[in-house]
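Notes for the one structure printed next.
Computed from a predicted structure; not experimentally measured. Labels below follow one simple rule: chain letters A, B, ... track the order of the sequence lines, proteins then strands, and each chain is numbered from 1.
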There are 2 protein chains.
Amino acid sequence: MKKEQKTSVLYKVEQTIKEYRKMSQKNISDVVCDITVDQCLLLIFLNDNAGYSQKEMAEFLFKDTASLTRIIELMVKKDYLKRNMNDTDRRKFNLEITAKGKETIQLLQPVIQGNRQTALQGLSQQEIGLLDSLLSKITSNCKETK
Amino acid sequence: MKKEQKTSVLYKVEQTIKEYRKMSQKNISDVVCDITVDQCLLLIFLNDNAGYSQKEMAEFLFKDTASLTRIIELMVKKDYLKRNMNDTDRRKFNLEITAKGKETIQLLQPVIQGNRQTALQGLSQQEIGLLDSLLSKITSNCKETK
DNA sequence: CGAATATAATTGATATATCAATAAGAGTGA
DNA sequence: TCACTCTTATTGATATATCAATTATATTCG
């Protein structure tokens, strides 16, 4: 493989997130069999943050509103979430976490914590901060030219 | 949003790659209308590296063999690639880039270069090296626990 | 050689990503 | 109030991700 490609750090960003997601999914599946990484993140997001519209949630989670609609749909089917009407704006829904959803959060929260710790093992706080700022720089470079 | 989540650098890795892919797709589509980022990467990979099996290519490109099969299938349909029999191992194919594929590479190579430059603008070689090594560390942390 | 095993690629099923189009409701101004 | 515009969410179409199962071919070993 050509050196230039092999060493493009953007390849490595892609590789990193894929490995992280793979590990995460595996550890999640060991505890809760019918939930995906993305569903899990949504569940935890909802638990920590109430009152956002789907559009806002999509932004926080870096997802398209279309994707989020479908993720929610599946989670409603699997009885993790419930849609309630929003009285002040009937285009929106209030998402409610079901009892099953809440139990699941209890099971998964430590798994997520563990995944993050595992992934970042051996990196100092300073290194993590640096990584964060370099990635932010790349992100804003990409956004500018859009 | 809870501080802990907002600041997890792993979120940022995900955000970064998504923004990069979005920008890349936009710039690619401006030049060649019917090709995706992944198809483009495969095309350029094949141009630079001949003789790998699909399994090997999948590893280089961080893809599943199933995904790669489907990407190739679409590219054959769109006349970017051609499958030829491999005489020594009939399970494998030799992928050949068509004339259309070769023209397309000429058009896209500078776009890809430009995308990378744009994304990494303002980062020193040293910073890029650091980013690379931090990501490598995370990747190997994730692989270990699998 | 021939049976068992291993490997390469494909296929099926389901989830997510992305863009475009649409539907339904909210807001605004004449 | 009503027409126009904007926003939110959904839906459709297509591409990719992932896992499991399958097919076809290679390899290995008795």
Side-chain angles (χ1 to χ4, degrees), chain A residues 14-15 17-30 33-43 51-59 61-78 80-81 83-95 146, chain B residues 14-15 17-30 33-43 51-59 61-78 80-81 83-95 146:
Chain A
E14 179 129 11
Q15 182 184 22
I17 199 62
K18 284 192 176 174
E19 288 299 336
Y20 176 64
R21 290 180 69 94
K22 243 183 245 177
M23 178 200 66
S24 298
Q25 183 65 66
K26 191 190 167 311
N27 291 335
I28 287 170
S29 297
D30 285 349
C33 66
D34 72 339
I35 203 166
T36 68
V37 171
D38 293 298
Q39 290 168 14
C40 179
L41 290 178
L42 173 58
L43 199 54
Y52 286 111
S53 69
Q54 288 182 207
K55 192 184 180 230
E56 291 166 328
M57 287 192 285
E59 270 172 41
L61 300 171
F62 314 128
K63 301 210 170 292
D64 194 276
T65 59
S67 288
L68 191 57
T69 292
R70 282 156 185 147
I71 293 174
I72 290 170
E73 200 178 321
L74 290 175
M75 294 182 75
V76 169
K77 267 190 204 153
K78 289 191 288 192
Y80 288 110
L81 298 181
R83 283 183 208 268
N84 295 315
M85 282 296 154
N86 181 314
D87 293 325
T88 61
D89 188 337
R90 296 175 58 194
R91 290 170 304 182
K92 299 182 180 178
F93 295 98
N94 296 327
L95 286 179
K146 268 196 316 193
Chain B
E14 180 129 10
Q15 182 184 21
I17 199 63
K18 284 191 177 174
E19 288 298 339
Y20 176 64
R21 290 180 68 94
K22 245 183 244 176
M23 177 200 66
S24 297
Q25 184 64 68
K26 192 193 166 309
N27 291 336
I28 287 170
S29 297
D30 285 348
C33 66
D34 72 339
I35 204 167
T36 68
V37 171
D38 293 298
Q39 289 169 15
C40 180
L41 290 178
L42 173 58
L43 198 54
Y52 286 111
S53 70
Q54 288 182 206
K55 192 181 179 230
E56 291 166 326
M57 286 192 286
E59 271 171 41
L61 300 171
F62 313 127
K63 303 213 169 288
D64 194 276
T65 58
S67 289
L68 192 57
T69 292
R70 282 154 185 148
I71 293 174
I72 290 170
E73 200 178 322
L74 290 175
M75 294 182 75
V76 169
K77 267 189 203 153
K78 289 192 287 191
Y80 287 111
L81 299 180
R83 283 183 209 269
N84 295 314
M85 284 297 155
N86 181 314
D87 294 327
T88 62
D89 188 337
R90 296 175 58 194
R91 291 170 303 183
K92 299 182 181 178
F93 294 98
N94 296 327
L95 286 179
K146 268 195 314 192

Roughly, in whole Å, what's the span from [atom1] in [X] to [atom2] in [N]?
X	N	atom1	atom2	answer
B/K26	C/dA20	NZ	P	11 Å
B/L74	D/dA17	CG	P	12 Å
A/D64	C/dA15	CG	P	18 Å
B/E14	C/dA17	CD	P	7 Å
A/I71	D/dA17	CD1	P	16 Å
A/L95	D/dT8	CG	P	15 Å
B/R21	D/dT16	CZ	C1'	8 Å
A/Q39	D/dA17	CD	C1'	14 Å

Note to self: Please compare A/R90 and A/K78 by the position of their nearest nucleotide in DNA chain C and report the one closer to 5'.
What the structure shows: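 Nearest nucleotide further toward 5': that of A/K78.
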Next item on the list: To the nearest 0.5 angstrom, please state how far the OG1 atom of A/T36 sits from the CG atom of A/L74.
Entry: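 The distance works out to 8.0 Å.
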Next item on the list: Find out whether A/E59 and A/E56 are in side-chain contact, i.e. whether some heavy atom of one side chain is under 4.5 Å from a heavy atom of the other.
Entry: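 Of all side-chain heavy-atom pairs linking A/E56 with A/E59, none is under 4.5 Å.
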Item checked: Side-chain touch B/L43/B/L81, heavy atoms, less than 4.5 angstrom ->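 B/L43 reaches B/L81 side chain to side chain.
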Margin query: Is it true that, when you exclude A/R90 itself, more than 12 heavy atoms of the residues, nucleotides or ligands shown sit nearer than 6.0 Å to its CZ?
Written below: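 12 or below, so no.
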Would you say a side-chain N or O of [X] is under 4.0 Å from OP1 or OP2 of [N]?
X	N	value
A/S67	C/dA17	yes
A/K22	D/dT18	no
B/K63	D/dA17	yes

Note to self: I'd like to compare against my own output: the B/S/- annotation of nucleotides 1-10 of chain C with a strict under-4.0 Å heavy-atom distance to protein.
What the structure shows: ------BSSB
Margin query: Treating A/Q25 as the side-chain partner and A/I35 as the backbone partner, does any N or O pair qualify as donor plus acceptor under 3.5 Å?
Written below: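 Yes, because the side chain of A/Q25 sits within donor-acceptor range (under 3.5 Å) of the backbone of A/I35.
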Notebook entry, point to check: Which atom names give the shortest non-hydrogen contact between B/F62 and A/K18, and what distance separates them?
Noted result: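 Closest approach of B/F62 to A/K18: O-NZ, 2.9 Å.
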Notebook entry, point to check: Base, sugar-phosphate alone, or nothing: which one does A/Q25 contact when heavy atoms must sit under 4.0 Å apart?
Noted result: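 Nothing: the residue A/Q25, judged by heavy atoms under 4.0 Å, touches no strand.
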Checklist line | Pairwise salt bridge (Lys or Arg N to Asp or Glu O under 4.0 Å) hits with a residue in residues 61-70 of chain A, at least two apart | finding: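 For residues 61-70 of chain A: A/D38-A/K63.
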Notebook entry, point to check: Taking the side chain of B/E73 as its heavy atoms from C-beta onward, which of C/dT16, D/dA17, C/dT11 lies nearest to it?
Noted result: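 Looking only at side-chain atoms, B/E73 lies closest to C/dT11.
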